[in-house]
Amino acid sequence: MSTAEPIELPSQYAPSEVEGPRYERWEKAGYFAADATSGAPAFSIVIPPPNVTGSLHIGHALDHTLMDALVRRRRMQGYNALWLPGMDHAGIATQNVVERELAKEGLSRHDLGREAFVERVWQWKAESGGKILGQMRRLGDSVDWSRERFTMDEGLSRAVQTIFKRLFDDGLIYRAERIINWCPRCLTALSDIEVEHSDDDGELVSIRYGDGDESIVVATTRAETMLGDTAVAVHPDDARYTHLVGKTVELPLTGRRIPIVADEHVDPAFGTGAVKVTPAHDPNDFEIGRRHDLPGLTILDEHGVVTAHGPFQGLDRFEARPAVVRALREDGRIVAEKRPYVHSVGHCSRCGTTVEPRQSLQWFVRVGPLAKAAGDAVRDGRVRLHPPEMNARYFGWVDDMHDWCISRQLWWGHRIPVYYGPNDEVVCVGPGEQPPAGWRQDSDVLDTWFSSALWPFSTLGWPENTADLRTFYPTSVLVTGYDILFFWVARMMMFGLYAMRGQAPADAVPFRVVGLHGLVRDQFGKKMSKSRGNTVDPLDWVDRFGADATRFTLARGANPGGDIAISEEWAAGSRNFCNKLWNAVRFALLNGARRPAAALDPAALSVPDRWILSRLSAVIAETDQLFEAFEFAKVCDTLYHFAWDEVCDWYLELAKVPLASGDEAVARTTRQVLGLVLDQLLRLLHPVMPFVTEELWTALTGEESVMVAPWPAFSLPDPQAEAEISSVMRLVTEIRRFRSDQGLRPGQRVAARLAGIEDSTLAGHEEQIRSLLRLGPPADGFTPSASIEVEGITAELDVAGVIDVAAERRRMEKDLAAARAEAGQAERKLANSDFTARAPAAIVDKTRQRLETAQADIARLEQRLASI
RNA sequence: GGGCGUAUAGCUCAGCGGAAGAGCGCCCGCCUUACAAGCGGGAAGCCACUGGUUCGAACCCAGUUACGCCCACCA
């Protein structure tokens, strides 16, 4: 009720006392849980599953803030909102962690054996995995814990096996001998996206193969691979070498003779125009080898150590390289060396080891038709990317995708459901099926991304036709950083469209909208990295500034697709904003304001009331529109300025007069409006700042939770009140400026007369203007010694003896110069007949008004300058 | 080697065809009874450069320069 007793809050907001208990209460109340049987429209988001080995970093904090804001808003809007949490088993990463643990005990995974090792990983997961889930609670993530999933759990494993079988039966999964990226440390194949390229220093050596007229010079940065050369290739049209094509040359150090072949792939303009061909250790050479039926000679084992080549046997590839060069030099074979030679080198994204291209037998997904469908879904608008500028990148990727190597020589992961018979027969086994007795299963596991590609539907129960799947698929939005648009988003698109293709075409997509945000960077826009020492631990911020401040800082920087620069100062600013809200509500409660129980009586509203309600209406509409457009930064900015600049700086100050007036009817209305405005504001802010809004809103309303309060839909526009209050603001600001310029103490009461106000639109606002400016009434002996004129009202102040005439003159001269410039500009424009004839009438009118205002200012200032 | 993006106040960024904006920082003055995590006032920008389109350009077009990112099997 609006007549409630005053409540006094502490003068500062203490997040740490609020956040833990509030989260627990929400969870216990079941507010996070979605309902598959609800008739309400569904809204669903699946979390990008963090690695089970991971902990919350600032990028997650951003991601989660945005998702939580979307979900919380939808929930308040009455949607059946689901935010589904879970984790990724993170094949290589997790296996590495557990292997490192074993190493401390002096063991390797081979000492345990496969079964025991996998058991050990599960044990590790139970004990130390999922740290990040606890951290999500600290952030305030409103996820449905009852639906938490893990990519290796039983249901998801069934989904993996099911889709593998389908793809296999459709001929979209095949096994082939190919050159793949091999990590000699992790001892597994890697897909292209698990390889990171960097420009490294190397050495380019030119080597002469053969002798005399029958010799040819090739260049390489990987000299050791010459041991595996099985040909030299030249361009078919290269006249320099036509006499050699079809002949053989002696390969130095080996005594082998290798053929010279002609192949279109060779660029005759590059180097000598001759290329050494190592089919087993280079993807291009592999293709050349296939075209010319050349044997592949593997010279490195899985550790990258040279096998069976005389003096080089047993040398690591990086030891073998200089050793081979040395031997060639002694043999007089090196014709040129270039060092350093910068070239692009691939590294394992997990451990940084230089990747070795290696010929081996692996499983692949034939991506052609899948990628085509993934591209089409965006092209025809079934899936929209936000911001749309990301389309080009997306198409660039899906339209030119190479087949995906999905087998990994690891133990932790989904084992490939293929069995081999005694005579190498192959069978792919679906869920529930039994392989023929005695057949052995493929020893490889699947790429982690294979299971995460199923995430939007495997988590909802697919391949069963569950209520969750029917209700929440396709998911509404996918929120993630643009950096994994290709890694993950494109793959979910491929598999989602494939697995769900039985549904209506529009409903097979895994999500309808992809909201892409940028990377979190430091205050200078630099990438965060441990080596730079500029990383931010979001939990440290949660501890020091509160979860809301951390979230607000991130959301406030989140322009669509753009990177986000943050620093501690920004977090402190957000914390200050929390405190500002706290104190605004504190003020309201001290004055007995509460959210009104009944509708307001429009007739009782004062102009300031009508103004703030009108502004509130506009802000609600704007917030809605910005949320729909994923304009999180602008949502935050809009609400920040409304709360601080309008509600606190002006409305609360204006409200002090009626609250102190002693007129109970007037005070009651003000309390009601104050209660209403704060109630609505807190609801608007709740998606981004859940904790402080909850604490304040429950105090203000006495109700259970703002989480389940309806989203604002209030509208009471009042242009007349807005115009009046903006006049008040101009007058007050102008007088404040005068006082400040004149060095008058803000607290000092100055007697003033507001001449002309009785006849102006501001007639009813005199008391408030006096209150805002601490102006006293003109008493006996009042002698105006300075005057400020704004909008036809002349404020005469009795400041004799205090006023600095020179300062005042300077100020007026400055204003005058500005007014003259303004008038001149407008005049010139209006003198241009092209402008008056061709510009829209509204623009011309506006310019005319500008001119008139400026001219009036000039006249006024000139007169006052003359009289001062 | 391809593709994309960005250049606006000291810093980080909005604005994207009709009078240059925000946050932080900076300067001046204030403990004014919600808040000093605060209040009031203020300074600060040839909107990268050069041309073009337009009555009008920070905004559209072309070129230049400088950064940044993504993709790529160049020996």
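Order of the sequence lines sets the chain letters (A, B, ...), proteins ahead of strands, with each chain counted from 1. For clarity, every value in this text was computed on a predicted model and none was experimentally measured.
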Of the listed nucleotides B/C11, B/C55, B/A34, the one nearest the side chain of A/Phe524: B/C11
A/Lys829 bridged to A/Asp834 by N-O distance under 4.0 Å: no
Candidate nucleotides B/A75, B/G41, B/A14, ranked by approach to the side chain of A/Arg736 - the nearest: B/G41
Among B/A34, B/G15, B/G23, the nucleotide that comes nearest once only the side chain of A/Phe587 is considered: B/A34
hbond_proxy A/Glu653 side chain to B/A34 base (donor-acceptor, 3.5 Å cutoff): yes
Under-4.0 Å salt bridge between A/Glu767 and A/Arg770: no
Closest to the A/Arg838 side chain, choosing from B/C24, B/C55, B/C35: B/C55
Nearest listed nucleotide, side chain of A/Phe835, among B/A34, B/A22, B/C55: B/C55
Listed nucleotide nearest any side-chain atom of A/Leu652, set B/A37, B/A34, B/G18: B/A34
Any A/Trp644 side-chain N or O less than 4.0 Å from OP1/OP2 of B/A22: no
A/Asn579 side-chain proximity, nearest of B/C35, B/G18, B/A75: B/C35
Distance below 4.0 Å between A/Arg393 side-chain N/O and B/C71 OP1 or OP2: no
Check against side chain to side chain donor-acceptor pair (under 3.5 Å), A/Ser771 and A/Gln768: CA-CA 5 Å; A/Ser771 159; A/Gln768 273 150 337; over 6 Å; no
Nearest-neighbour nucleotide for the A/Lys829 side chain, B/G18, B/U32, B/C35 considered: B/G18
